[in-house]
Every structure is written in C-alpha cells, then in structure tokens.
Amino acid sequence: VRPTRDLTSLADEALMARVRDGDERALATLYDRHGRLVYSLARAIVPGDADAEEVTEDVFVALWTAPERFDASRGSLRGWIATMARTRSLDRVRSSKRRQMAHERAAVLSDEGTAVALAESESAEERVLLADVRTSLDRALSVLNDDQRRAVELAYFQGLSQSEIAAALGEPLGTVKTRLRDGMSKLRASLSAPQGAPR
Amino acid sequence: MTDSRWSDLAGAYALDALEGEEKAAFEARLALDAELRKLVDEYREAAASIAAAVPERAPPAALRGRVLARAREARAPAAGKGSGEPRPRSSVVPWVLLAASLAGLSYVGLSNRSLRQDSASLIVEISALRDSLASTEGERERLQTLTRALTGSSVQVASLTGNVERRLWLVWNAEQNLLVVAASGLPPAEPNRTYQLWGIREGDQPVSLGTFNTGADGTAVVALSPGTQPSFEISALTVEPAGGSPQPTTTPFLAGPWRAAHD
C-alpha cells in the first residue's frame with residue numbers, strides 16, 4: 001500500500017476519519033508520518049529491536065482496530081500515539097524478565113556518573129543509542145533543572161511511581177512530588193505550537 | 001475552579017506516577033471535574049513532547065509491510081463514522097478474548113480466577129466518587145442513585161478500563177435490579193450511535209446490559225435495569241447503532257472484571 005499524494009497532504013485528523021472508514025491507505029500514511037516516532041520511543045524504553053518492532057506493530061494495529069479511542073478535542077494524534085507507544089513499551093518491559101536490564105538503562109539515561117560502568121553491560125550499538133538519547137534529552141528538557149529532569153525521566157522512561165522514584169533516588173517522597181509537579185508544569189508551559197499537522 | 005491539591009497532582013497523574021488511594025481519589029475527582037480533565041490532557045501533551053526529544057531511528061523497512069498485513073488481518077475499524085452499518089461478527093470468541101485482554105484477564109481459567117482481590121481499592125474509588133458528587137451542588141439525585149445502588153448485601157462492582165484514559169465505574173445491585181454506570185472522559189457517541197454495555201460469561205454469548213450516552217463533558221451517571229442476574233465475570237463497552245444491538249458488532253474498548261462489593 002502506497003499513500004497517494006492527496007493523502008500525504010491531509011492532516012492527521014482527516015486521515016483518522018479515513019481510518020475510521022476503513023481506508024488502509026490512510027493507515028499507511030499515518031505510519032509513514034509517525035512510525036519513526038513510535039519505533040524510536042519504543043527503542044529508547046525496551047531493550048531490543050524486536051520488542052520495539054512489536055510495540056510499533058501493536059500501536060498501529062490498535063489505531064486501526066479502535067480509532068474511536070482517539071479524541072481530537074483532548075490532544076494531538078501524535079501525542080496520543082506517543083502515549084500508546086510509551087504505555088505499550090513499559091508494559092512489555094514490566095512483563096518480561098528484562099526489567100533489571102531496563103533499570104540499568106534508566107540509570108544510564110538519568111545519571112551520567114554511572115553511565116560508564118553500567119554501559120559496559122551494553123553492546124557498542126546500545127551505548128551509542130543511549131548516548132544519543134541522553135544528549136537529545138538534555139537539550140529538549142533544558143527548561144528543567146537536573147533534579148526535576150531526573151524525576152520526570154524516571155517516571156516517563158521507566159514507568160516508576162512517585163514513591164518508587166523517591167526510593168530510587170533516596171529522596172523524601174514530598175521532594176519527589178514537588179519536582180514532578182514543577183517539572184511537568186515547566187514542560188507544559190514550554191509547549192508552544194500545536195501539533196498534529198502534517199510534518 | 002479546580003482545587004490546587006488536585007491540580008498539583010495532575011502532572012504526576014499524566015506520567016502514571018500516582019498510585020494507590022491517591023490515584024483512586026484523583027480519578028474519582030477527575031470523573032467530575034472537566035477543568036481538571038483538561039489540565040491532565042495538557043500535561044499528557046507535555047509528556048508526549050518528551051517522546052519527540054528522543055532521537056529518531058528509522059524502523060526496518062520490512063516493518064511497514066508487517067504493520068499493514070496485521071491491520072489487514074484484524075477486523076475493520078470499529079466505530080465507523082460514515083462507514084455504514086457495522087459488520088456482524090462471525091464468532092464471538094475473538095471479541096471475548098479482546099474484552100478479557102482489556103480487563104487484564106486471561107481467557108483460559110477466567111472463571112476460576114479470583115476477581116475480588118481489588119475490591120477494596122475499587123470501593124475507595126467509588127466512595128471518593130460519591131464524595132465528589134456530594135460536594136457538587138445540583139448533583140443530589142446522582143448521589144442518591146449511587147448510594148441506593150451501593151446499599152445491600154449482594155452488590156457487585158466493576159471498573160472498566162482500556163488503553164486510554166476513559167473509564168467506567170459500575171455498581172450492580174441485584175436486589176433492586178439497578179445497575180449504575182458512572183463514566184468519565186468518554187465523549188458522546190457519534191450521531192446515530194450509542195454506548196452499549198455487555199456482560200460476559202466464559203463460553204457464553206455476551207449479554208446486553210443496556211445502552212447509554214454521555215454528556216458533552218464526557219461524564220454520565222445513569223441507572224440501568226438490566227433484567228438479568230449479575231453472574232458475569234467481566235463487562236465490556238462497545239459503540240453500537242442507536243437503539244443497541246442484540247450482539248456486539250464492534251470492538252470492545254473498555255472492559256473490567258466484576259467483583260463483590262462487600263466481601
């Protein structure tokens with residue numbers, strides 16, 4: 001299935017209307033538009049290409065079989081897809097015996113001081129991937145201070161609860177709550193242009 | 001205006017970082033507070049922006065073909081706006097499997113599994129929902145309906161969830177033939193469509209428990225009279241043509257197990 005020129009010019013919401021009507025070309029167009037995001041995010045959370053590919057399949061099949069779950073009044077399609085990708089990736093990590101490996105990856109992502117030692121357990125390719133993620137996140141989350149960023153990243157990439165973050169960092173629960181509240185507030189404020197248009 | 005004790009938790013909730021009673025109380029509040037729901041949606045967009053910060057890696061070229069092949073095998077889109085009548089399902093088994101999967105259950109051994117283990121936390125949710133209703137002027141009737149349903153020795157409760165932040169709380173009082181449905185984050189069904197609730201027993205066809213719709217704010221507290229006994233393992237929600245269907249014609253998108261309210 002190759003998306004036609006007229007479909008690639010359509011915005012996400014118009015494509016979703018076609019998906020609801022069973023237009024497979026619209027699904028292909030959405031995959032071409034957002035597939036990289038889903039795969040890249042999954043790859044940053046799950047420890048392996050095969051799992052990331054399965055997450056990507058799951059996300060787009062869910063979008064196809066239950067498009068009514070997307071509600072444009074509540075946010076962008078890209079945001080919804082990213083949420084699905086994150087949730088499915090975390091589910092996959094939680095349900096596997098590879099949780100410990102993911103813990104190590106989170107430590108690599110959240111603490112440069114331990115990165116070198118922990119990265120020794122990763123392949124060279126994996127170390128390059130994690131270093132890229134680290135650099136990119138540092139830039140994108142620069143509105144947050146280090147403490148806020150660490151708490152937000154542990155919640156987002158590791159799926160840790162507030163109390164789990166407090167335990168992982170050795171900080172009081174109240175401190176972690178404040179960091180998450182302030183960090184998310186800054187992120188929300190930093191969002192400017194609406195998303196969801198063709199890109 | 002939303003109390004700051006709730007809005008302060010919205011960011012953590014959007015990251016799924018709340019847990020236990022705090023999460024239950026927040027979700028109960030969320031069911032009734034449109035301003036808070038909007039705030040959570042905005043925080044979810046903020047959280048999703050973190051994904052955009054991850055450096056992009058190209059998926060394998062073959063993945064596109066696999067995605068489309070799986071989609072082709074899966075059934076057509078569910079709640080087709082403008083797609084004509086939903087197509088009848090040839091077999092109920094995949095539907096039940098999906099509902100069970102959404103409910104967090106495995107189909108095999110469904111009836112033997114203890115469905116009561118989380119009843120305490122669910123009661124906390126419903127109680128918080130009731131408290132929230134009580135705090136809202138003009139919601140007395142809703143409160144009375146919920147309270148009436150919760151009173152009795154044979155009450156069952158269920159919390160239906162899916163992969164999104166829409167949620168249904170169900171309270172079924174068999175003695176009163178009263179099934180209360182409390183919905184949050186559920187946009188009104190498309191024109192000529194309705195939400196239909198199903199009861200599912202392993203090995204049986206789904207049984208319709210009634211239809212309802214939500215208001216413009218995505219919430220509803222409605223009382224149904226199912227006319228059947230609450231002997232189901234799980235319930236699931238679908239979108240159906242107005243008036244409802246004898247059997248589900250679309251994919252369930254919310255599901256959850258039934259539990260006794262008073263163990």
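Atoms considered below: every heavy atom in the structure, side chains included; atoms not considered: hydrogens, waters and symmetry mates.
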Do you know which of [options] has the most heavy-atom pairs under 4.5 Å to chain A?
options                    : result
B/Leu18, B/Leu9, B/Val67   : B/Val67
B/Ala47, B/Ala12, B/Ala189 : B/Ala47
B/Gly11, B/Ala14, B/Ala17  : B/Ala17

Give me the atom names and distance for the closest heavy-atom approach of [X] to [Y].
X        : Y       : answer
A/Leu187 : B/Ser49 : CD2-OG, 4.4 Å
B/Asp41  : A/Arg74 : OD1-NH2, 2.9 Å
B/Ala48  : A/Gly79 : CB-CA, 3.6 Å
A/Tyr39  : B/Ala58 : CE2-O, 3.8 Å
A/Leu180 : B/Leu15 : CD2-CD1, 3.8 Å

Atom [atom1] of [X] and atom [atom2] of [Y]: how far apart are they, to the nearest 0.5 Å?
X        : Y       : atom1 : atom2 : value
A/Glu57  : B/Arg64 : CD    : CZ    : 13.5 Å
B/Leu68  : A/Arg25 : CG    : CZ    : 12.5 Å
A/Phe60  : B/Arg66 : CZ    : CZ    : 13.5 Å
A/Leu90  : B/Asp16 : CG    : CG    : 8.0 Å
A/Met184 : B/Arg44 : CE    : CZ    : 9.5 Å
A/Gln162 : B/Tyr13 : CD    : OH    : 13.0 Å

For [X], is it the side chain, the backbone, both, or neither that has a heavy atom closer than 4.5 Å to a heavy atom of chain B?
X        : result
A/Asp58  : both
A/Leu37  : both
A/Thr178 : neither

Using modelled atom types and a 3.5 Å cut-off, is there a donor and acceptor pairing between side-chain atoms of B/Glu45 and backbone atoms of A/Ser76?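 Between the backbone of A/Ser76 and the side chain of B/Glu45 there is a qualifying donor-acceptor contact (under 3.5 Å).
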Under a 4.5 Å cut-off applied to non-hydrogen side-chain atoms, are [X] and [Y] in contact?
X        : Y       : value
A/Arg188 : B/Leu39 : yes
B/Pro59  : A/Glu53 : no
B/Phe253 : A/Thr65 : no
A/Arg36  : B/Arg57 : no

Heavy-atom distances under 4.5 Å only: say whether B/Glu19 touches chain A with side chain, backbone, both or neither.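 Answer is side chain: those atoms of B/Glu19 sit under 4.5 Å from chain A.
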Salt bridge between A/Lys177 and B/Glu22, side-chain N to carboxylate O under 4.0 Å?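 Result for this pair is yes, salt bridge flagged.
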